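Reading through the structure tokens given below for one structure.
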Amino acid sequence: MIRTQVRASKTYEVLTGSGLLASSGKIMREVSPDSQKILIVSETNVAPLYLQTVRASAEENGFEVHEYVYDAGEKSKNINSIAGMWGVMAQAGFTRTDLVVALGGGVTGDMAGFAASTFLRGINVVQIPTSLLAMVDASVGGKTGIDLPEGKNQVGAFWQPSAVIEDTDCLKTLPDEVFTEGMAEVIKYAFIMDTKLYELLDGNASRGIGIRDDEELMERIVGMCVADKADVIMNDEFDNGRRQTLNYGHTVGHVIEKNSNFTKPHGICVAKGMGIIIESCVAEGSLDVTEASRMLGLICAYGLPVEDDITPEKAVEGAMNDKKKRGSTLSVILVNRIGRSEIRKMDPDRFLKFLKAGKD
Ligand code: GLY
């Protein structure tokens with residue numbers, strides 16, 4: 001098992017390893033000794049697989065367990081689901097020392113975290129991510145929230161968890177396409193900040209998503225990503241600077257995702273977004289062609305796309321509506337060399353020119 005400490009407005013550990021769900025109750029008890037009640041938030045795909053194990057472990061450790069299981073999918077990431085969670089907790093008489101537990105992927109973690117951050121002005125949350133994407137990114141760092149019809153993650157709060165429990169055995173049950181989209185976020189860390197991770201992924205590229213069956217390798221990869229994310233969070237918890245580099249590929253990726261009405265998975269859109277930015281960097285001369293083909297080659301090796309038919313005009317229009325813009329300027333994340341990223345401020349005209357150059 002790998003233990004990674006995150007020192008932010010709250011200090012907590014991320015535990016990554018095999019078989020951790022069965023001891024999740026013990027870990028919850030350690031980080032939340034005074035809790036009597038817990039609310040396990042999960043969804044219709046994940047609950048049948050893992051909820052019973054977590055419930056049994058929690059009960060063995062003296063918790064009174066309540067559940068909120070929503071319909072799987074981004075469409076549920078709204079205020080009605082949050083109100084449902086608040087309602088269960090209010091009716092069961094939850095107090096400030098009780099606990100919310102997020103069991104599932106990124107949507108579950110974001111929503112459970114947001115419900116916890118607001119109920120009684122804030123109660124503790126433990127994150128138990130079950131998807132690769134949630135293990136390496138969403139569950140660590142305290143971003144929580146819901147979508148509005150106008151856009152993704154438009155309402156939310158920074159609310160750090162008390163612990164993150166990552167049972168890598170959960171990766172074995174993920175559908176191929178869900179594992180694959182998680183690899184986009186893994187590759188992102190390699191590009192923006194981690195040459196060792198790049199070498200590890202490149203060295204295993206011929207196996208493609210077959211790496212998921214290699215337990216030791218997956219624990220190592222997830223652990224490396226978590227350490228990268230912890231490093232970023234500890235430097236910029238509230239997303240005013242370096243944390244924005246985690247949005248590599250996301251500026252255009254979010255627009256592609258929203259324009260598909262969220263039918264295209266997040267990680268697939270991030271991979272496309274990275275591919276589009278790589279081509280634009282080559283066109284403007286800030287990334288050399290050999291480095292770019294190594295990057296594009298790695299994305300493709302893990303079964304991810306690097307292109308999309310979105311026009312530069314649509315990409316800029318969508319990006320200007322995204323919450324991540326500050327004033328009328330966009331912070332676009334560029335990688336000039338594998339392992340090194342840059343935050344470049346661009347106004348819409350500059351961004352349009354940049355994207356058009358990559359398309360030519
Ligand atoms: N998922 C990006 C972040 O946590 O900042």
Side-chain angles (χ1 to χ4, degrees), residues 137 143 145 147-156 184-185 187-189 191-193 232 236 238-296 299 304-360:
D137 187 22
K143 278 192 182 172
D147 301 337
L148 292 181
E150 290 76 10
K152 215 171 137 68
N153 298 330
Q154 296 264 313
V155 177
E185 299 284 359
I187 291 169
K188 173 193 83 179
Y189 288 107
F191 289 170
I192 62 168
M193 65 186 289
V232 172
D236 177 27
F238 297 110
D239 210 8
N240 293 312
R242 189 175 164 211
R243 187 165 182 169
Q244 293 169 32
T245 61
L246 298 175
N247 287 326
Y248 184 55
H250 288 57
T251 308
V252 177
H254 273 165
V255 183
I256 298 172
E257 192 179 356
K258 177 157 187 278
N259 288 0
S260 78
N261 212 10
F262 299 103
T263 55
K264 289 183 184 159
H266 176 74
I268 300 297
C269 299
V270 169
K272 287 167 175 257
M274 290 194 287
I276 290 169
I277 294 292
I278 290 169
E279 295 293 1
S280 293
C281 283
V282 172
E284 72 155 19
S286 62
L287 177 66
D288 86 37
V289 179
T290 319
E291 194 81 334
S293 52
R294 289 168 75 201
M295 293 170 76
L296 294 171
I299 302 174
L304 289 156
V306 290
E307 288 172 344
D308 190 78
D309 55 12
I310 189 164
T311 62
E313 288 77 9
K314 281 249 170 273
V316 174
E317 188 194 320
M320 291 311 293
N321 291 327
D322 193 286
K323 75 175 191 319
K324 292 211 167 70
K325 98 182 160 190
R326 288 170 196 237
S328 58
T329 310
L330 291 161
S331 295
V332 183
I333 314 307
L334 310 179
V335 168
N336 308 124
R337 201 173 66 201
I338 293 168
R340 200 179 65 185
S341 48
E342 173 202 344
I343 306 171
R344 178 99 57 90
K345 303 276 180 216
M346 293 193 201
D347 64 27
D349 289 344
R350 174 76 193 86
F351 191 40
L352 183 62
K353 220 162 131 193
F354 174 77
L355 291 179
K356 276 185 165 167
K359 203 86 179 160
D360 292 342

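Excluded from the calculations below are hydrogen atoms, water molecules and symmetry mates; all remaining heavy atoms, backbone and side chain alike, are included. Nothing here was measured: the structure is a model prediction, and the numbers come from that model.
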Over all heavy atoms of both residues, which pair between [X] and [Y] is shortest? Give the atoms and the distance, please.
X	Y	value
Ser341	Val335	CB-CG2, 4.2 Å
Ala271	Ile299	CB-CG2, 4.0 Å
Gly275	Leu296	CA-CD2, 3.9 Å
Ile268	Pro305	CG2-CG, 3.7 Å
Val316	Pro348	CG1-O, 3.8 Å

Out of curiosity, [X] [atom1] to [Y] [atom2], how far, rounded to the nearest 0.5 Å?
X	Y	atom1	atom2	result
Ser293	Leu287	OG	CG	9.0 Å
Phe262	Cys269	CZ	SG	9.5 Å
Glu291	Ile278	CD	CD1	10.0 Å
Met320	Thr251	CE	OG1	11.5 Å
Asn259	Asp309	CG	CG	10.0 Å
Glu342	Tyr248	CD	OH	11.0 Å

side-chain contact (heavy atoms from CB on, under 4.5 Å) between Lys188 and Asp137, worked out:
CA-CA 10 Å; Lys188 173 193 83 179; Asp137 187 22; 3.7 Å; yes
Any side-chain heavy atom of [X] sitting closer than 4.5 Å to one from [Y]?
X	Y	answer
Val270	Glu185	yes
Lys272	Val306	no
Glu284	Leu334	yes

Side chain to side chain contact (heavy atoms under 4.5 Å, CB included) with [X]: which residues, sequence neighbours excluded?
X	result
Glu317	Lys314
Ile343	Gln244, Thr245, Ser331, Ile333
Asp347	Asp349, Arg350
Val232	Met193, Arg242, Arg243, Leu246

Is the number of heavy atoms from other residues, nucleotides or ligands within 6.0 Å of CD (Glu307) greater than 12?
no
Between [X] and [Y] (side chain of the first, backbone of the second, donor and acceptor by atom type, cut-off under 3.5 Å), is there such a pair?
X	Y	result
Ser286	Val282	no
His254	Val252	no
Asp236	Gly241	yes

Run the salt-bridge test on Glu257 and Lys152 with the 4.0 Å N-O cut-off and return the result as yes or no.
yes
Scan the side chains in residues 353-360 for donor-acceptor partners under 3.5 Å anywhere in the protein, sequence neighbours excluded, and list what turns up.
| from | atom 1 | to | atom 2 | distance (Å) |
| --- | --- | --- | --- | --- |
| Lys356 | NZ | Glu313 | OE2 | 3.4 |
| Lys359 | NZ | Asp308 | O | 3.4 |
| Lys359 | NZ | Ile310 | O | 3.3 |

Sorted by chain and residue number, the salt bridge (charged side-chain N to carboxylate O under 4.0 Å, His left out) partners of Arg337 (sequence neighbours excluded) come out as none
Side chain to side chain donor-acceptor pair (under 3.5 Å) partners of Thr311, counting only residues at least two apart
none
Which residues satisfy the side chain to side chain donor-acceptor pair (under 3.5 Å) test with Arg340, sequence neighbours excluded?
none
